[in-house]
Amino acid sequence: MNEKKPYYITTPIYYPSGKLHIGHAYCTVATDAMARYKRLQGHEVMFLTGTDEHGQKIEDKAREAGVTPQQFVDNIVAAPGGVLDLWKLMNISYDRFIRTTDDYHVAAIQKIFKAMYDKGDIYKGSYKGKYCKPCESFWTESQLVDGKCPDCGREVMDAEEEAYFFRASKYAGRVRELLLNTDFLEPRSRVNEMVNNFIDCEGGLQDLCVSRTSFTWGVPVDFDPGHVVYVWLDALFNYMTALGYQNDKYDEVEKFWPADVHFVGKEIVRFHAIYWPAFLMSMDLPLPKKVYGHGWLNFNGDKMSKSKGNVVDPYLLSERYGVDALRFFVLRTFPFGSDGNFTNELLIQTINTDLANDLGNLVSRTTAMAEKYFGGRLPEARQADPALDEPLTALVTSLRGRYEEQMEKFQFQNALEEIFKVIQRANKYIDENAPWALAKDMEANGSRLAAVLYNLLEAVRVCAVLLTPFMPESCGKIFDQIGAEEPARTWESAAKWGVLPAAAAVSKGENLFPRIDAEKELAELERIQEEAQKTALPELETEPLNPENVDFDTFCKSDFRAVKVKHCENVKKSEKLLRFTLDDGTGTDRQILSGIAKWYKPEDLIGKTLVAIVNLPPRKMMGLDSCGMLISAVHTEKGEEKLNLLMVDDAIPAGAKLC
Ligand code: MSP
């Protein structure tokens, strides 16, 4: 047996840069279910989570908020609605919480950086390349996708600065072996992507820039002031410093390292599957046993993002349906290794079908009948009927094995599916045995009825033991309702039949999973989410400034002129285009087409003085020539795109050059 064998599992440590959403909670709930499952099996578990608090993004956000970076992160970590609060709400049973601003971690990172430097694995050079600020990632030209950040698709900027580099190239061969020839990275489908894109690519695995000088919010390189350690080196080592590596705060490296598994989202697999093992190789440390790259939760088919205002709020949903229902939903519905599409319909349907209809009904019917027919205490005399009972008992006693097989592969969805097959079978068993019919003649059928109800209680008990990692609170209530004391709640007991004492006190308690009126609830959710979207969206948003310079001569070539609108009309069959006839001062009318029909009525523009760039090559649109472009100002307000044509004083004559 696994008695007390240490088991070490981690989540990524979160950027405390804003409110966490259900996507963030997904990984942590999965890790929690896994940690609880391992504890149930008897392991001594270390479940680590925390926050990754350094980096330019945090420094920038703190500046915008007018506070120090430390105040900024403190607030997001510890404030109501912050990270700690969310984990408390979601019933996350972490054993340790690390913050990368913790002193012991900072000092340890400095030692690690120095050790790698002394070894020659970190060297000083000059960084020239592309940088994605939101992702805090450096990229080479060849790694960009359509010139944009390959991770998030946003604009990157040129960056050049003196920097330290980690000799990742030195470890490329070993990392490649690790990925291709072991089960280090799962799901297996992620392996080729890593090897092809980052190791077997043109130029091979590049050395990694591991220090920055353009901002200060990071772990200082103590032997070279001005440099701070790159956030990913700082962050990845949290998995070891939190056990006491290179510090005296803890002393559990021996016990828990190497980690059994790091759960990480797919977009950060690169750091965990390539650089993390390379860093550890450099420090001559054992490698974690596994990195599991889970998929993303999208919402209504779209990536959840604060700027789109479509993030799903775990607080709101837990309040309405209970934390357990939410925890259950995300792990029951989506295969952990792939992306999942979160919709309100699916959430409510799952709660109604699995929790209210199947599980809830089974528990409430069973306990209600035990109460009604036997006052909550079944008699000792129970009459078996093997033909009717064995299909159920066989399925229940073999459940733990099937469940374990799936849990060991992190296939939560399948593990739950196995449990629900048993729950459905037990509901069918009620119908097959029709206890209400047996109850009509208690003298003749009383002991058969007792057997039927006992079997149902046992089925419920075993399912509840195995559901505990997913829905700890609800399962506790189920145990109370069926009278299952501690010995009947254990892992061992889940593979046994007949553990509940015959006279266990059964009581029909509260309805654990009330059925939801789907239509009403969906409308309500939509209303709330729209409302929240409006308030979440920034009042006003403008495009970030373009970091790339344009040289002065090129700029001067653009010919901007004041133009007067002589005529304006909608273009037939086009919802977007307006056709302008303009006086540009040359004496010949100029025609420009502009996609602004959404914002302007043609008659409102006649006589106005606008600004156009007039030396663009003519373009055909809907069969018409457009000779130039009208200049407008664009921004976003509460998520809605706004456009204002640039209008100038009517005293400015048509054709006046703008310079
Ligand atoms: N700070 C890094 C991790 C460092 S680990 C040494 C980081 N933080 S994060 O806050 O941006 O993301 C934390 C985790 O949340 C990541 O694993 C990420 O994949 C996950 N998710 C964020 N949005 C998600 C979804 N919509 N769906 C599922 N997981 C997603 O990355």
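Count residues from 1 along the sequence. Being a predicted model, the structure only gives us computed values, none of them experimental. All ligand and atom numbering here is 1-based and tracks the order in the structure.
- Taking the six-membered ring for Trp and thresholds of 30 and 60 degrees, Trp276 and Phe237 have ring planes more than 60 degrees apart, a perpendicular arrangement.
- In terms of protein heavy atoms, atom 23 (N) of ligand 1 is closest to His21 CE1, 3.5 Å.
- Contact atoms of ligand 1 toward Ala235: 6 (C) (distance under 4.0 Å to a heavy atom of the residue).
- The shortest N or O to N or O distance between Glu267 and ligand 1 is under 3.5 Å.
- The protein atom (non-hydrogen) at minimum distance from atom 22 (C) of ligand 1 is His24 CD2, 3.6 Å.
- A salt bridge does not link Lys88 to Asp85: none of the charged side-chain nitrogens sits closer than 4.0 Å to a carboxylate oxygen.
- Checking Phe412, Phe334, Phe410, Tyr26 one by one against His294, the ring-ring contact (aromatic ring centres under 6.0 Å, His included) holds for a single residue, Tyr26.
- Applying the 4.0 Å criterion to heavy atoms of Gly295 picks out, from ligand 1, the atoms 28 (C).
- By the 3.5 Å distance cut-off applied to N or O atoms, Leu236 is not counted among the residues near ligand 1.
- Counting non-hydrogen atoms of neighbouring residues, nucleotides and ligands closer than 6.0 angstrom, the NZ atom of Lys266 exceeds 12 such neighbours.
- For atom 27 (N) of ligand 1, the nearest protein heavy atom (residue, atom name, distance) is Leu297 N, 2.8 Å.
- Taking distance alone, with nitrogen or oxygen atoms compared against 3.5 Å, Ile13 approaches ligand 1 more closely than that limit.
- Ion pairing between Arg39 and Asp95 holds under the 4.0 Å rule for side-chain N and carboxylate O.
- Here the protein heavy atom with the shortest distance to atom 9 (S) of ligand 1 is Tyr15 CD1, 3.6 Å.
- Between His24 and Tyr14, the two ring planes are perpendicular [angle over 60°; tilted spans 30° to 60°].
- By the 3.5 Å distance cut-off applied to N or O atoms, Val264 is not counted among the residues near ligand 1.
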Quiz item: Would Arg167 and Ser169 satisfy side-chain hydrogen bond (donor to acceptor under 3.5 Å, both in side chains), going step by step from the backbone distance to the final call?
Solution: CA-CA 5 Å; Arg167 232 177 265 289; Ser169 51; over 6 Å; no

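- Those atoms of ligand 1 that come under 4.0 Å of a heavy atom in Trp232, given as number and element, are 2 (C), 3 (C), 4 (C), 5 (S), 6 (C).
- In terms of protein heavy atoms, atom 21 (N) of ligand 1 is closest to Gly23 O, 4.0 Å.
- Taking every non-hydrogen atom of Gly265 and a distance limit under 4.0 Å, the qualifying atoms of ligand 1 come out as 17 (O), 19 (O).
- Ligand 1 is never approached by Phe271 to a heavy-atom distance shorter than 4.0 Å.
- Lys290 NZ: more than 12 foreign heavy atoms inside a 6.0 Å radius.
- Using a 4.0 Å cut-off between charged nitrogen and carboxylate oxygen, Arg327 and Glu473 do not count as a salt-bridge pair.
- Among Tyr239, Phe237, Tyr14, Phe299, the residue whose heavy atom lies nearest to atom 14 (C) of ligand 1 is Tyr14.
- No more than 12 heavy atoms of other residues, nucleotides or ligands lie within 6.0 Å of CG in Asp248, so this atom counts as exposed by the packing criterion.
- In this structure, Thr100 contributes its side chain and Glu53 its backbone to a donor-acceptor pair below 3.5 Å.
- For ligand 1 and Ile268, the ligand atoms under 4.0 Å from any heavy atom of the residue are 3 (C), 16 (C), 17 (O), 31 (O).
- Per-residue contacts place Asp52 under 4.0 angstrom from the following atoms of ligand 1 (heavy atoms of the residue considered): 1 (N), 2 (C), 4 (C).
- Residue-ligand proximity, His294 to ligand 1, at heavy-atom distances under 4.0 Å covers atoms 28 (C), 29 (N).
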